[in-house]
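Sharing a structure with you now.
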There are 2 protein chains.
Amino acid sequence: MNRITIKDIAKLLDVNPSTVSRALKDHPDIGEATKKKIQQIARELVYRPNYQAIRFRQNKSGLIGLIIPEMGMFFFPSIIQAIEEITKKNGYHLIILQSNESLVKEKENALICKNFGLDGLLVCLSKETTAIPHFADMLQSKIPIVFFDKVLQSKELSTVVINDYNASFTAINHLARKGYKNISGVFESKNLEITQSRKKGFLDGLKKHQLTYREDFCFHVNTLAEAKTQFANLLNQKELPDAVFAMTDNALAGIIQAIYEKGIAIPDDLAVICISNGNLPYYLNPPITHIRHSGYMVGKTAVELLFDLMNDKITVTKRQLELETFLVELDSC
Amino acid sequence: MNRITIKDIAKLLDVNPSTVSRALKDHPDIGEATKKKIQQIARELVYRPNYQAIRFRQNKSGLIGLIIPEMGMFFFPSIIQAIEEITKKNGYHLIILQSNESLVKEKENALICKNFGLDGLLVCLSKETTAIPHFADMLQSKIPIVFFDKVLQSKELSTVVINDYNASFTAINHLARKGYKNISGVFESKNLEITQSRKKGFLDGLKKHQLTYREDFCFHVNTLAEAKTQFANLLNQKELPDAVFAMTDNALAGIIQAIYEKGIAIPDDLAVICISNGNLPYYLNPPITHIRHSGYMVGKTAVELLFDLMNDKITVTKRQLELETFLVELDSC
DNA sequence: GCAATCTCCGCAATCGTTTGCGCAAACGAT
DNA sequence: ATCGTTTGCGCAAACGATTGCGGAGATTGC
């Protein structure tokens with residue numbers, strides 16, 4: 001009646017279930033004749049293994065967890081694209097858990113992952129996260145975890161990030177060489193490591209070209225809307241910057257709205273550059289010169305590291321990987 | 001050493017595992033005293049049930065499958081946002097499978113879902129899909145499936161779509177009332193139902209206002225890049241449209257690039273309107289007037305229908321739901 | 001005081017598959 | 001012919017939790 005099992009086949013052929021099990025996986029202990037017979041009848045009856053049972057027996061879920069702060073438009077879709085492809089290629093599947101940039105939800109998600117019996121975990125921390133006791137026991141157990149993008153830097157963790165410092169340094173370098181002198185910077189939340197690295201690159205870029213750091217031209221924002229209102233405020237001041245650096249697509253989207261509303265011309269009145277991992281810079285008018293880092297590559301690198309850890313837990317130790325970025329010169333500078 | 005089990009607790013308290021099992025779920029057959037004792041020690045030892053075993057025993061995976069053509073930037077992120085929230089609220093989790101707009105991969109994914117023992121399935125068909133024999137046996141079994149967005153219309157299926165006809169009709173209506181007369185239409189692949197519905201609304205909109213259908217102004221595209229090149233071609237003709245309707249964000253992104261490159265002014269030289277479920281219209285310069293339909297609502301509606309089907313398989317029959325859209329008037333007309 | 005009922009818990013099977021071990025028959029070598 | 005090895009397969013336990021059934025002891029009813 002229902003789905004047919006190994007036992008059914010065993011009864012039908014009057015052999016032991018263990019023989020069927022072994023025959024179906026081509027175990028050398030089983031004679032060719034019986035093997036053929038079993039495999040044939042399995043095909044005829046469209047035997048489909050109960051993976052639920054197998055996973056239980058093997059104590060493997062076949063599932064990779066992915067904890068992300070929030071889906072958004074730019075970054076995670078491409079990351080997920082990569083991760084899904086590769087997990088599937090390795091016979092695993094992906095469970096996505098969003099924490100909505102909330103530490104509380106991130107903890108809930110960590111708990112879910114522990115209970116669910118996932119075989120591996122990829123984590124991008126929320127904005128609120130400054131320590132990770134909620135991952136402590138998983139880190140001690142044999143379940144590998146790879147942190148990516150928003151991470152806590154530590155030799156004790158496996159991490160994949162981009163070289164944030166170089167990215168913003170390159171951006172400022174580009175602006176400076178084009179002759180811009182009064183550069184505004186729009187950054188995300190202060191406590192994020194990527195914010196700190198990108199700001200450091202920003203500052204060192206200014207320093208290299210002996211440009212002054214205009215603190216009144218720089219600010220930190222948490223949301224797209226904040227970026228817009230804050231930059232709109234800046235544009236209402238008497239003294240204006242001649243260029244602006246946006247730390248993320250998100251920040252870019254905010255300041256662009258402010259610029260459009262004010263009717264300011266890019267790049268004639270104001271040059272714009274940003275760090276991006278999406279398509280937004282291409283869609284804008286004019287297309288925005290930016291430092292590109294590919295979400296796809298981050299996802300790919302992270303999940304491949306994860307599988308390395310999962311497949312060979314001895315030789316592969318914790319690793320901290322850093323991906324490089326590159327300048328895409330379009331029309332906004 | 002390892003994770004502690006019901007058996008461990010049973011041995012420790014010298015009771016039967018079944019008693020522990022019942023005590024932990026507050027079964028009335030167990031006396032208050034033993035219940036307390038068991039629950040306490042379970043807490044102390046941080047007993048965490050092996051969900052793998054439970055799922056196997058109950059023959060439930062606790063997993064919802066989501067098959068989508070491709071992640072993209074606009075639509076699916078918001079859909080996933082909604083679906084993930086609601087599945088989690090119901091104690092389920094989400095597995096995402098991408099078919100990359102390929103029928104072959106869609107079939108693979110369908111197979112994976114069958115094998116994995118999912119409890120429910122949400123499907124957005126690929127562009128290539130014109131029939132769904134690969135879902136036939138799942139539809140006959142007790143696993144509920146809800147199709148959304150790209151569906152095959154049928155009384156035999158549960159579907160969630162937007163009212164595509166009304167959406168494009170409203171768009172053309174808007175253009176016509178603004179006085180535009182030569183309207184270009186950029187559509188996605190011909191064989192999609194949503195293309196047909198949206199084109200029908202487009203044509204009926206023209207008819208209602210006695211505008212002629214300029215076949216030379218209209219075309220079908222499969223990708224963003226195609227939209228760009230084709231529309232760029234159109235812009236090189238002698239006779240130009242005074243307005244263009246883009247069927248999707250994707251089509252919009254393509255034609256916008258062509259427009260920017262050609263240096264055409266919106267809306268003075270050319271009005272633009274589209275149907276959108278993302279943020280792109282807001283990011284462009286000027287912001288694009290569009291017919292909005294919310295991916296979030298589609299996702300929410302689909303997954304809620306799915307849970308209705310899962311929870312009460314008798315009274316809830318197949319349903320075909322249609323969500324309405326609305327005009328968002330910005331600056332491109 | 002005896003039967004009927006209730007309370008509380010144990011027994012054992014079960015879900016589908018895997019796997020270590022053992023054993024008979026077949027085979028090979030001397 | 002004898003011993004040792006290989007071949008081919010069955011036996012049964014195991015994974016962790018659940019559940020129908022049954023039964024001992026306590027309680028109630030008359």
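Just so it is clear: chains get the letters A, B, ... in the order the sequence lines come, proteins before strands, and each one is counted from 1.
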What is the separation between atom NE2 on A/His27 and atom P on D/dT7, rounded to the nearest whole Å? 13 Å

Roughly how many Å is it from CD1 in A/Ile9 to P in C/dT18, rounded to a whole number? 11 Å

Checking A/Arg57 against B/Phe56: charged group under 6.0 Å from the ring centre and within 45 degrees of the axis? no

Mind checking A/Lys35 for me? I need base, sugar-phosphate or nothing, with any heavy atom below 4.0 Å counting as a touch. nothing

Does B/Ser18 make a side-chain donor-acceptor contact with the base of C/dC9, cut-off 3.5 Å? no

For A/Lys60, which contact category applies under a 4.0 Å heavy-atom criterion: base, sugar-phosphate, or nothing? nothing

Whole angstrom is fine here: how far is it from CD1 in B/Ile6 over to C1' in C/dA12? 16 Å

Tell me what A/Val15 touches on the nucleic acid: a base, only sugar-phosphate, or nothing, going by heavy atoms under 4.0 Å. sugar-phosphate

Could you check how far CG of B/Asp26 sits from C1' of D/dT19, rounded to whole Å? 17 Å

Establish, from distance only, whether the side-chain atoms of A/Asn16 and A/Ser18 form a donor-acceptor pair under 3.5 Å. yes

Across all strands, who's sitting opposite C/dG28 as a Watson-Crick or G-U wobble pair, both distances under 3.5 Å? D/dC3

Tell me whether B/Glu128 is salt-bridged to B/Lys105, with the criterion being a basic N under 4.0 Å from an acidic carboxylate O. no

Check every atom of D/dG8, C/dT19, C/dC9 against the side chain of A/Lys25 and return the nucleotide holding the closest atom. C/dT19

Value in whole Å for how far the P atom of C/dT19 lies from CZ of A/Phe56: 14 Å

Please determine, for the side chain of B/Ile54, which listed nucleotide (C/dT17, D/dT18, D/dG16) has the closest atom? D/dT18

How would you label the contact of B/Tyr51 with the nucleic acid (heavy atoms, under 4.0 Å): base, sugar-phosphate, or nothing? nothing

Just how far, in rounded Å, is P of D/dT18 from CG of B/Asn59? 15 Å

If the cut-off is 4.0 Å, is B/Asn16 near the phosphate of C/dC11, judged by side-chain N/O to OP1 or OP2? yes

Can a side chain N or O of B/Tyr47 be found less than 4.0 Å away from OP1 or OP2 on D/dA17? yes

Check each of B/Lys114, B/Glu108, B/Glu106, B/Lys107 against B/His134 using the side chain to side chain donor-acceptor pair (under 3.5 Å) test, and report the only one that passes. B/Glu106

Side chains of B/Gln58 and B/Arg55 only: does a donor on one sit below 3.5 Å from an acceptor on the other? no

Among C/dT17, C/dT19, D/dC9, which nucleotide has an atom closest to any side-chain atom of A/Ile30? D/dC9

Nucleotide D/dG16, atom C1' - distance to CG of B/Leu24 in whole Å: 13 Å

If the cut-off is 4.0 Å, is A/Ser21 near the phosphate of C/dT19, judged by side-chain N/O to OP1 or OP2? no

From D/dA17, C/dT18, C/dC15, pick the nucleotide closest to the side chain of A/Lys7? C/dC15

Please report, rounded to the nearest Å, how far the P atom of D/dT18 is from the CD1 atom of B/Ile38. 13 Å

B/Asp29 near the nucleic acid: base, sugar-phosphate alone, or nothing, with a heavy-atom cut-off under 4.0 Å? base

What's the closest nucleotide to the A/Arg22 side chain, out of C/dC21, C/dC9, C/dT17? C/dC21

NA contact type, B/Thr5, heavy-atom cut-off 4.0 Å: base, sugar-phosphate, or nothing? sugar-phosphate

Before accepting this row, confirm whether a basic side-chain N of the pair A/Glu84/A/Lys88 lies closer than 4.0 Å to the acidic partner's carboxylate O. yes

Judged by nearest nucleotide, the residue sitting upstream toward the 5' end of DNA chain C, A/Arg57 or B/Ala53, is B/Ala53

